[in-house]
Chemist: 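Shown below is the structure under consideration.
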Amino acid sequence: MVVDRAENKAAAPRRNVLTIRELGHERLVRILRAANGYLDTPPEGDELRGRSVGLLFFEDSTRTRVSFTAAAQRLGAHVLDLASGGSSMSKGETIADTARTVAAIGVDAMVVRSRQAGGPGVAAAAVSSPVISAGDGRHAHPTQGMIDVLAFARFVGRADAFDLAGLRVAIVGDVLNSRVARSAVEAFSLLGASVVVVGPPAFAPPKLAALGCDVSNDLDAELASCDSLMMLRVQVERHGGAGAPPGYRRGYALTSDRLAKLRPSTVVMHPGPMNRGVEIDGEAADGARSLITEQVRCGVATRMATLVDVINGASEGGAP
Ligand code: CP
């Protein structure tokens, strides 16, 4: 297969969704408004009829994979679903070669998840179809960041303008190793919220302030001042299989005691997958102030809006 790399490189960045920062405020709000609309009025089902979406998941997933599949199908698109375990990726084929192969078969967009940092960008540089990151090593998980701001904005009644000024979000746990945290910090900050990342020094070192957020190693000091408390899983697969550091639960888990110290209006969030009894207890995950199921519901709508933006926006030649 012949690939015109120069042409593809020039075309690829146009409608990609690789990070929230690259997306920018205007496009972020446009996608969020469309997603919010889908939650209130489901799509007709022919918005992407005749189009195909390739799913290239080089790493396991439940929510992202299933919701992208549901999103594409509910818009009338076909899904070409490649999993690393059932494809030639397991024989050592590179991300770029796999992306080129899927492009040659023919797709209108690719959704790429990789354990390897930069994987979705590598795919984007190799093909001319737009690429949506579905998780990029420790770096970024932009649609998850969109989901998190959408669920929160709807709850606080700010889903018209998506202006979150005056609200404070605490993101708690293994922030250093979390792509979700990076994208959530970018998304909440871009919409005007103040963000604090919280964890033990190994998970929330001072250098994370470079993301444009506050950094705290004292969860109990943050409980009374946040409007949303988003808990994160310890990313054991990203630090050599070592689990949570000693004393982690005592210092950083959302227990029933800590739940009782939150303001009545504060919501509990978690992007999943959750480890109950480690970073979050059942009372918090399943309680009345939990937005966790709502985050999953927002996932399908957000991914529908992202696919439409990427595919129809590209065909209409719309500005990114
Ligand atoms: N939040 C998230 O990315 O979940 P999955 O790993 O199940 O896709």
Side-chain angles (χ1 to χ4, degrees), residues 17-20 23 31-32 35 53-73 79 81-86 89 109-120 123 131-152 169 171-188 197 203 228-239 241 254 267-276 278-280 284-285 290-307:
V17 177
L18 299 179
T19 67
I20 295 282
L23 208 60
I31 293 173
L32 290 171
V53 176
L55 302 188
L56 284 66
F57 276 64
F58 298 83
E59 189 186 24
D60 292 344
S61 167
T62 297
R63 280 148 287 270
T64 311
R65 183 191 199 103
V66 171
S67 62
F68 264 115
T69 302
Q73 289 174 343
V79 175
D81 192 354
L82 246 75
S84 52
M89 298 181 212
M110 287 187 207
V111 179
V112 180
R113 167 173 286 198
S114 76
R115 191 181 299 273
Q116 178 192 329
V131 170
I132 301 169
S133 169
D136 170 1
R138 292 177 171 85
H139 286 171
H141 193 351
T143 57
Q144 183 65 50
M146 290 189 239
I147 289 165
D148 300 336
V149 292
L150 175 61
F152 182 61
V169 175
I171 301 176
V172 184
D174 185 4
V175 182
L176 186 66
N177 294 296
S178 172
R179 57 194 177 203
V180 169
R182 280 173 178 69
S183 290
V185 170
E186 288 182 1
F188 280 109
V197 297
F203 290 170
S228 170
L229 193 64
M230 187 158 92
M231 306 306 295
L232 300 174
R233 177 176 70 91
V234 177
Q235 315 279 318
V236 289
E237 72 278 21
R238 294 188 195 136
H239 33 87
L254 184 50
V267 291
V268 171
M269 303 180 73
H270 196 308
M274 282 187 285
N275 287 145
R276 289 171 184 261
V278 181
E279 76 273 9
I280 189 166
S290 170
L291 285 191
I292 296 169
T293 304
E294 181 63 8
Q295 284 171 271
V296 177
R297 203 170 77 87
C298 287
V300 180
T302 298
R303 284 158 181 152
M304 286 196 286
T306 305
L307 287 170

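FYI, the numbering just counts along the sequence from 1. As the structure lists them, so they are numbered: ligands from 1, and atoms in each ligand from 1. Only this structure's heavy atoms are used, side chains among them; waters, hydrogens and symmetry mates stay out.
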Chemist: Do Q295 and R297 pair up side chain to side chain, a donor and an acceptor below 3.5 Å, judged on atom types alone?
Modeler: no
Chemist: Taking the side chain from D136 and the backbone from G118, do they hold a donor-acceptor pair closer than 3.5 Å?
Modeler: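 Yes.
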Chemist: Can you check whether D174's main-chain N or O pairs, donor with acceptor, with S178's side chain at less than 3.5 Å?
Modeler: no
Chemist: Using distance alone, determine whether P273 and ligand 1 share an N or O pair under 3.5 Å.
Modeler: no
Chemist: Here's one to test your reading of the geometry: is the NZ or CZ of R113 within 45 degrees of the ring axis of F57 and under 6.0 Å from its centre?
Modeler: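 No, R113 does not lie over the aromatic ring of F57.
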Chemist: Only heavy atoms of P271, strictly under 4.0 Å: list the atoms of ligand 1 that pass.
Modeler: 1 (N)
Chemist: Tell me if a side-chain donor or acceptor on S290 pairs with a main-chain N or O of A285 at a distance below 3.5 Å.
Modeler: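 Yes, because the side chain of S290 sits within donor-acceptor range (under 3.5 Å) of the backbone of A285.
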Chemist: With heavy atoms only and a cut-off of under 4.0 Å, state how R233 meets ligand 1: side chain, backbone, both or neither.
Modeler: neither
Chemist: Without hydrogens or angle criteria, can the side chains of R138 and N177 be said to hold a donor-acceptor pair below 3.5 Å?
Modeler: yes
Chemist: With a cut-off of 4.0 Å, which atoms of ligand 1 are near a heavy atom of T64?
Modeler: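 Result: 2 (C), 3 (O), 4 (O), 5 (P), 8 (O).
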Chemist: What protein heavy atom lies closest to atom 6 (O) of ligand 1? Include the residue and the distance to one decimal.
Modeler: R113 NH1, 3.1 Å
Chemist: Could you check which of Q144, H141, H270 puts a non-hydrogen atom nearest to atom 3 (O) of ligand 1?
Modeler: H141
Chemist: Return yes or no for this condition: an N or O of D60 is under 3.5 Å from an N or O of ligand 1.
Modeler: no
Chemist: Identify the closest protein heavy atom to atom 4 (O) of ligand 1: which residue and atom is it, and at what distance?
Modeler: R63 NE, 3.0 Å
Chemist: Give a yes or no on whether the backbone of V175 and the side-chain of R182 come within a donor-acceptor separation of less than 3.5 Å.
Modeler: yes
Chemist: List every atom of ligand 1 that sits less than 4.0 Å from any heavy atom of T62, numbering the atoms from 1 in the order shown and giving each element.
Modeler: 5 (P), 7 (O), 8 (O)
Chemist: Heavy atom of E59 under 4.0 Å from ligand 1?
Modeler: no
